[in-house]
Amino acid sequence: YDALKAQRFWHTTLSNLEEIQSLTSRYSHLASTQNESILCSTITLTKHLKSSIQRFCRLNGITENSLFLTAWGLLQSVYLHQRQVIFATVHSGRNKNQGSNLNAVGCFIETIPIFMRLQPSSTPLILCNALQQFIIKAQNHSGLTLSEIISCQPQLDIASLLQVLFVYENYPRDGQNIDDTSLSIDSISSREKTDFPLMIMGKHIEQIQFEFHYQSQYFTSSFVKQLMDHYQEAITYIVENSEQPIQKFKLHAGVKQTTPKPAHEQNLNIGTVFWESAQRFPEKIAIRCFNSTITYHELFHRSHTMASEL
């Protein structure tokens with residue numbers, strides 16, 4: 001296992017990031033509560049869409065995981081009006097070159113950032129193939145923790161951009177027995193234990209379902225419901241218009257949002273206001289003293305570093 005090679009891979013990958021926003025920086029003002037609770041909403045894909053997904057994957061050599069990740073990247077691009085998006089996902093397995101792992105037992109699940117560049121002329125099939133190849137390359141450079149990956153580009157505040165974790169649990173279909181043994185899957189349950197404002201967990205046994213676990217201080221239930229409906233539209237567009245440019249993808253109902261309320265009307269504390277300002281206006285000047293200035297991004301990074309030390 002070559003840690004330096006993995007660090008170079010992620011340094012190069014993340015260096016392509018331009019100035020982008022996160023979902024929380026753009027939409028968290030819609031949430032009126034400051035209560036920190038984790039809620040969950042579920043969507044089940046129709047049997048017709050499930051059949052279309054399986055046919056698309058079979059004909060194009062695309063995994064369901066790659067398809068669903070691409071659909072989320074497409075939707076996030078539309079919501080943020082950006083051609084670049086970044087979010088997190090997980091992969092399991094062990095690098096064959098990591099000899100120290102041979103005596104350990106476990107899935108070796110790692111969290112990695114997914115970086116997508118979406119050109120309007122690109123087709124869904126091109127995006128699916130590109131993302132699938134990216135995941136293969138990332139798996140070949142596994143072994144670094146998420147914090148180690150983020151530190152490969154210390155001048156970028158990547159941690160604040162990773163607001164979404166996407167997990168797809170692709171178990172054997174239809175509860176069938178595994179390798180003709182007596183083992184079978186009766187049910188699957190999960191609990192959200194991460195610190196991401198939004199975690200999407202997909203499952204495929206008899207049906208394809210997606211659970212949207214979200215923190216209520218960032219998103220409202222109506223916003224997440226809209227997000228789930230639009231995600232299904234993105235999946236449908238990919239499997240039914242695989243050769244059409246993504247610029248033709250239009251959400252039926254559009255993205256509903258309201259004008260942000262002033263901070264004093266939202267009952268926000270100064271820490272929350274400062275964090276949101278750093279997300280929305282990273283390059284604006286936060287402090288000016290004589291001839292010296294500090295941007296919101298720099299101030300947030302310094303204060304976060306000091307808080308971590310304390």
Side-chain angles (χ1 to χ4, degrees), residues 1-22 61-74 76-77 82-119 122 126-170 193-202 282 297 300-301 304-305 308-309:
Y1 170 61
D2 191 339
L4 290 178
K5 188 176 180 180
Q7 290 171 356
R8 286 195 296 269
F9 169 79
W10 287 111
H11 174 83
T12 302
T13 299
L14 298 176
S15 65
N16 294 320
L17 275 175
E18 298 174 359
E19 185 175 333
I20 60 178
Q21 285 184 305
S22 64
I62 300 296
T63 66
E64 290 182 3
N65 182 51
S66 296
L67 165 61
F68 295 140
L69 288 172
T70 302
W72 175 254
L74 175 59
Q76 187 170 316
S77 172
Q82 297 173 159
R83 295 185 181 180
Q84 291 188 15
V85 296
I86 186 171
F87 55 95
T89 190
V90 299
H91 72 86
S92 61
R94 49 181 90 197
N95 192 309
K96 63 182 180 180
N97 296 320
Q98 290 180 267
S100 61
N101 287 339
L102 296 179
N103 297 322
V105 177
C107 297
F108 285 85
I109 298 175
E110 297 178 333
T111 304
I112 60 173
I114 292 292
F115 171 70
M116 292 180 63
R117 187 187 299 273
L118 300 94
Q119 298 297 337
S122 297
I126 289 176
L127 292 178
C128 285
N129 276 303
L131 187 141
Q132 189 158 287
Q133 291 304 311
F134 174 82
I135 293 177
I136 292 174
K137 290 180 180 178
Q139 289 174 336
N140 291 333
H141 296 88
S142 62
L144 299 180
T145 65
L146 182 60
S147 59
E148 289 173 333
I149 292 175
I150 291 174
S151 66
C152 291
Q153 275 292 355
Q155 69 274 25
L156 299 177
D157 190 15
I158 296 172
S160 66
L161 298 177
L162 289 174
Q163 301 291 304
V164 180
L165 174 65
F166 192 105
V167 180
Y168 184 56
E169 300 178 341
N170 194 6
K193 288 293 184 180
T194 70
D195 196 32
F196 288 83
L198 174 63
M199 187 189 78
I200 305 170
M201 179 176 289
H297 172 78
F300 176 81
H301 180 71
H304 183 71
T305 301
S308 300
E309 292 296 328

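In this text the structure is predicted, and so the values were computed from the model without any measurement.
- No donor-acceptor distance shorter than 3.5 angstrom exists from the side chain of Ser77 to the backbone of Gly73, with no hydrogens or angles considered.
- Of all non-hydrogen atoms in Gln153 and Leu14, the two that sit nearest each other are CG-CB, 3.6 Å.
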Report task. Please step through side-chain contact (heavy atoms from CB on, under 4.5 Å) for the pair Asn65 and Ile135, ending with a clear verdict. Result -> CA-CA 10 Å; Asn65 182 51; Ile135 293 177; 4.1 Å; yes
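- Between the OG1 atom in Thr70 and the CG atom in Asn129 there is a gap of 9.0 Å [rounded to 0.5 Å].
- With hydrogens and angles disregarded, no donor-acceptor distance shorter than 3.5 Å links the side chain of Thr89 to the backbone of Val167.
- Residues satisfying the side-chain contact (heavy atoms from CB on, under 4.5 Å) criterion with Ala88, sequence neighbours excluded, are Thr111, Leu162, Leu165, Phe196.
- Scanning for side-chain contact (heavy atoms from CB on, under 4.5 Å) contacts around Gln133 gives Ile136, with sequence neighbours left out.
- If you take CG on Leu131 and CE on Met116, they are separated by 5.5 Å, rounding to the nearest 0.5 Å.
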Report task. Apply side-chain contact (heavy atoms from CB on, under 4.5 Å) to the pair Tyr168 and Leu69, showing each step before the final yes or no. Result -> CA-CA 9 Å; Tyr168 184 56; Leu69 288 172; over 6 Å; no
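- In this view, Phe166 satisfies the ring pair (Phe, Tyr, Trp, His ring centres under 6.0 Å) rule with no residue, not counting sequence neighbours.
- In this structure, the side-chain contact (heavy atoms from CB on, under 4.5 Å) partners of Thr145, at least two apart in sequence or on a different chain, are Ser147, Glu148.
- Residues that satisfy the side-chain contact (heavy atoms from CB on, under 4.5 Å) test with Thr13, not counting sequence neighbours, are Phe9, Trp10, Phe115, Phe134.
- Nearest heavy-atom pair across Val164 and Phe87 is O-CB, 3.6 Å.
- Here the side chain of Gln76 pairs a donor or acceptor atom with the backbone of Ile86 at under 3.5 angstrom.
- Residues satisfying the side chain to side chain donor-acceptor pair (under 3.5 Å) test with Thr63, not counting sequence neighbours, are Ser66, Gln132.
- Rounding to the nearest 0.5 Å gives a distance of 10.5 Å between CZ of Arg83 and CZ of Arg117.
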